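First comes the structure, then the notes that go with it.
Please read these numbers as outputs of a predicted model, since none were measured by experiment.
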Amino acid sequence: MSDIKLFSINADSVVELAGRSALLEKELQQQIESQLETFLGVRFLASEYSTGKTHKGRIDSLGLDENNCPVIIEYKRHSNENVINQGLFYLDWLLDHQAEFQLLVMKQLDKEVTESIEWSGTRLICIAADFNRYDEHAVQQINRNIELMRYRYFGDDLLLLELVNAQTADASTPKKVASQSSRATSNTGSRGRSGDKSQEERLAESSPDLISLYNQVCEYANGLGDEVQRKELKLYTAFKRIKNFVSVLVLPQNKDPRIQLYLKLTPTDELLKLNPTGKHHEPEFIRDVSNIGHWGTGNIELNLRSVAELETAFELISQSYQAN
């Protein structure tokens with residue numbers, strides 16, 4: 001059982017709040033589904049989704065995350081129920097029924113989102129009262145995107161969600177990018193819905209200096225905590241805990257080569273005035289993109305052009321990591 005303890009503190013006393021499991025599994029499921037994007041960064045698509053007469057199953061919750069990756073969520077109120085195997089059963093079904101899922105996304109969201117689904121990042125999230133060491137070991141041996149999440153209710157109005165373990169499939173395993181002279185410059189990578197170059201293609205066109213900046217940013221973000229997950233997507237690289245905290249794009253344009261970061265921070269006047277080099281930047285080093293379309297996730301865009309700006313970039317990545 002989880003060793004997390006929660007206390008209520010006032011001027012005269014300290015009271016430990018007793019943790020409890022959900023009275024019913026459905027209670028937990030409805031609570032999570034009602035605010036799925038707030039809890040997990042996942043857009044809700046369906047509840048108790050039928051997998052048909054042949055498969056004879058029902059997926060507890062089905063959604064699409066902030067990186068447009070399909071997500072299956074399975075719940076168990078206790079720790080002794082085989083939620084992982086059940087989830088894997090549904091994960092295989094989903095990957096074999098991509099067209100059906102696309103129709104669901106088109107109906108619930110829109111066609112544009114349907115064209116951007118990241119199937120390689122399809123995830124299974126298992127939420128239970130607890131997991132044992134055998135569960136955690138089993139997940140590490142499976143080459144799938146699986147996250148184990150422990151829940152606990154405290155009092156009448158507090159719900160704890162704790163990421164216990166996360167396993168990323170080999171397809172998303174991070175690799176340090178070599179300089180252009182030591183790698184192939186293939187142009188066969190996948191493109192975005194508008195013919196945009198993929199992250200892989202843009203990396204192939206980047207200078208050694210730009211690749212060095214990219215590697216330093218990725219190494220810093222990945223090293224912030226054991227629970228950090230790196231996701232290699234078509235158009236950007238994402239670093240997440242439960243939700244993304246930074247998205248990294250490589251932009252090797254001749255006129256303004258840079259690493260573009262998107263951070264989940266609140267735009268403030270103080271933040272938007274940051275200028276680490278003391279030189280005037282055109283375009284800006286940092287800007288508010290709350291109302292501007294962009295590939296990554298977050299309201300703050302940071303444009304990194306030199307090693308001199310790394311320290312400021314690292315500080316802001318750390319702030320986003322702590323906030324998310």
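- Scored by the side-chain contact (heavy atoms from CB on, under 4.5 Å) test, K264 finds E66, K243, N244, T297, S320, N324 as partners (sequence neighbours excluded).
- Once rounded to the nearest 0.5 Å, the distance linking NZ of K5 with CZ of R152 reads 10.5 Å.
- Separation of atoms CG (L210) and CZ (R202) is listed at 10.5 Å; rounding is to 0.5 Å.
- Here the closest heavy-atom approach between residue L249 and residue G296 is recorded as CD1-N, 4.5 Å.
- L95 and F101 fall within a single hydrophobic cluster, where Ile, Leu, Val, Met, Phe, Trp and Tyr side chains are chained together by heavy-atom contacts under 4.5 Å.
- Here Y220 pairs with F314 under the ring-ring contact (aromatic ring centres under 6.0 Å, His included) rule; sequence neighbours left out.
- Applying the ring-ring contact (aromatic ring centres under 6.0 Å, His included) test to pairs two or more places apart or on separate chains, those with a residue in residues 250-272 are Y262-H294.
- Closest approach of P70 and L64 over heavy atoms only: N-CD1, 3.7 Å.
- Between N145 and Q167, the side chains place no donor N or O within less than 3.5 Å of an acceptor N or O (distance only, hydrogens not considered).
- Counting non-hydrogen atoms of other residues, nucleotides and ligands closer than 6.0 Å to NZ of K107 gives a total of 12 or fewer.
- A donor-acceptor distance shorter than 3.5 angstrom exists from the side chain of E201 to the backbone of S198, with no hydrogens or angles considered.
- Note on D65 versus K231: no salt bridge recorded, every NZ/NE/NH1/NH2 to OD/OE distance being 4.0 Å or above.
- By the 4.5 Å heavy-atom criterion applied to side chains, H97 and H55 are not counted as neighbours.
- Between the side chain of R258 and the backbone N or O of D256 there is at least one donor-acceptor pair closer than 3.5 Å.
- Residues passing the side-chain contact (heavy atoms from CB on, under 4.5 Å) test with R58, sequence neighbours excluded: E48, S50.
- Applying the under-4.5 Å side-chain rule to Ile, Leu, Val, Met, Phe, Trp and Tyr, the cluster around Y151 extends to L28, I32, L36, F39, L40, V42, F44, V71, I73, Y75, I125, I127, M149, Y153, L159, L161, L163, I242.
- Panel note: side chain T237, backbone L233; no donor-acceptor pair is recorded below 3.5 Å.
- In this view, E311 satisfies the side-chain contact (heavy atoms from CB on, under 4.5 Å) rule with no residue, not counting sequence neighbours.
- Between the side chains of Q29 and E33, a donor-acceptor pair is found at a separation under 3.5 Å.
- Taking Ile, Leu, Val, Met, Phe, Trp and Tyr as hydrophobic and joining them when side-chain heavy atoms fall under 4.5 Å apart, one finds V14 in a cluster with F7, I9.
- Here the side chain of E309 pairs a donor or acceptor atom with the backbone of R305 at under 3.5 angstrom.
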Could you go through I259 and L251, starting from their C-alpha distance and side-chain angles, then the distance that decides it, and tell me whether this counts as side-chain contact (heavy atoms from CB on, under 4.5 Å)?
CA-CA 6 Å; I259 304 299; L251 302 177; over 6 Å; no
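- Side chains of Q260 and N303: a donor-acceptor N/O pair is present below 3.5 angstrom, by distance only.
- By the side-chain hydrogen bond (donor to acceptor under 3.5 Å, both in side chains) test, D288 pairs with S290, sequence neighbours left out.
- Side-chain heavy atoms closer than 4.5 Å link hydrophobic residues (I, L, V, M, F, W, Y) into clusters, and following such links, possibly through other members, connects V289 to L235.
- Residue pairs meeting the ring-ring contact (aromatic ring centres under 6.0 Å, His included) criterion with at least one partner in residues 225-257, sequence neighbours excluded, are F245-Y321.
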Does the pair V250 and S206 meet the rule for a side-chain contact (heavy atoms from CB on, under 4.5 Å), with working shown?
CA-CA 8 Å; V250 179; S206 298; 3.1 Å; yes
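- Between L265 and L271 the shortest side-chain heavy-atom distance falls below 4.5 Å.
- Note that the CG atom of L62 and the CG atom of L104 stand 6.0 Å from one another [nearest 0.5 Å].
- Salt-bridge check for R123 with E147: passed, with a basic side-chain N closer than 4.0 Å to an acidic carboxylate O.
- When side chains are defined from C-beta on, T51 does not count as touching F89, because their heavy atoms never get closer than 4.5 Å.
- In this structure, CD on E232 lies 11.5 Å from CG on N67, to the nearest 0.5 angstrom.
- Taking V307 as the reference, L213, L310 meet the side-chain contact (heavy atoms from CB on, under 4.5 Å) condition, with sequence neighbours excluded.
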Begin from the C-alpha positions of E112 and S116 and carry the test side chain to side chain donor-acceptor pair (under 3.5 Å) through to its verdict.
CA-CA 7 Å; E112 188 174 299; S116 316; over 6 Å; no
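- Put simply, the side chain of V139 does not reach to within 4.5 Å of the side chain of F131, judged on heavy atoms.
- Shown here for A313 and L261, the closest heavy-atom pair between the two residues is CB-CD1, 4.3 Å.
- Scanning for salt bridge (Lys or Arg N to Asp or Glu O under 4.0 Å) contacts around D60 gives an empty result, with sequence neighbours left out.
- Counting heavy atoms from C-beta on, the side chains of T168 and Q229 come closer than 4.5 Å.
- A salt bridge is absent between D196 and K234: the closest approach of a Lys/Arg side-chain nitrogen to an acidic carboxylate oxygen does not fall below 4.0 angstrom.
- More than 12 heavy-atom neighbours from other residues, nucleotides or ligands sit within 6.0 angstrom of CG on N10.
- Note that CG of L45 is 10.5 Å distant from CD1 of I59, once rounded to the nearest 0.5 Å.
- Looking at heavy atoms from C-beta onward, E136 lies in side-chain contact with L148 at the 4.5 angstrom threshold.
- A salt bridge is defined here as a Lys NZ or Arg NE, NH1 or NH2 lying under 4.0 Å from an Asp or Glu carboxylate O, and K197 with E205 meets this definition.
- Using modelled atom types, one finds no donor on one side chain facing an acceptor on the other under 3.5 Å when comparing S34 with Q30.
- Ion pairing of K76 with E74 is absent here, as no side-chain N (NZ or NE/NH1/NH2) approaches a carboxylate O to less than 4.0 Å.
- Across S318 and L224, no two heavy atoms sit closer than the pair CA-CD1, 4.3 Å.
- The two atoms that bring K26 and S47 nearest to each other are NZ-OG, 4.2 Å, heavy atoms only.
- Remark: the R230 side chain and the N222 side chain contain no N/O donor-acceptor pair separated by less than 3.5 Å.
- Under the 4.5 Å side-chain heavy-atom criterion for ILVMFWY residues, a single connected hydrophobic cluster contains both W119 and I72.
- Clustering ILVMFWY residues whenever any of their side-chain heavy atoms sit less than 4.5 angstrom apart, transitively, puts L316 in the very cluster that holds Y214.
- No continuous path of hydrophobic side-chain contacts links L103 to V105 [ILVMFWY only; heavy atoms under 4.5 Å].
- With a 4.5 Å cut-off on side-chain heavy atoms, H137 and Q141 count as touching.
- By the salt bridge (Lys or Arg N to Asp or Glu O under 4.0 Å) test, E315 pairs with no residue at all, sequence neighbours left out.
- A salt bridge is absent between R43 and E37: the closest approach of a Lys/Arg side-chain nitrogen to an acidic carboxylate oxygen does not fall below 4.0 angstrom.
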Would you check, one step at a time, whether the test side-chain contact (heavy atoms from CB on, under 4.5 Å) holds for I142 with L88?
CA-CA 10 Å; I142 301 170; L88 286 170; 3.7 Å; yes
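- For the atom pair E301 CD and R287 CZ, the distance stands at 4.0 Å (nearest 0.5 Å).
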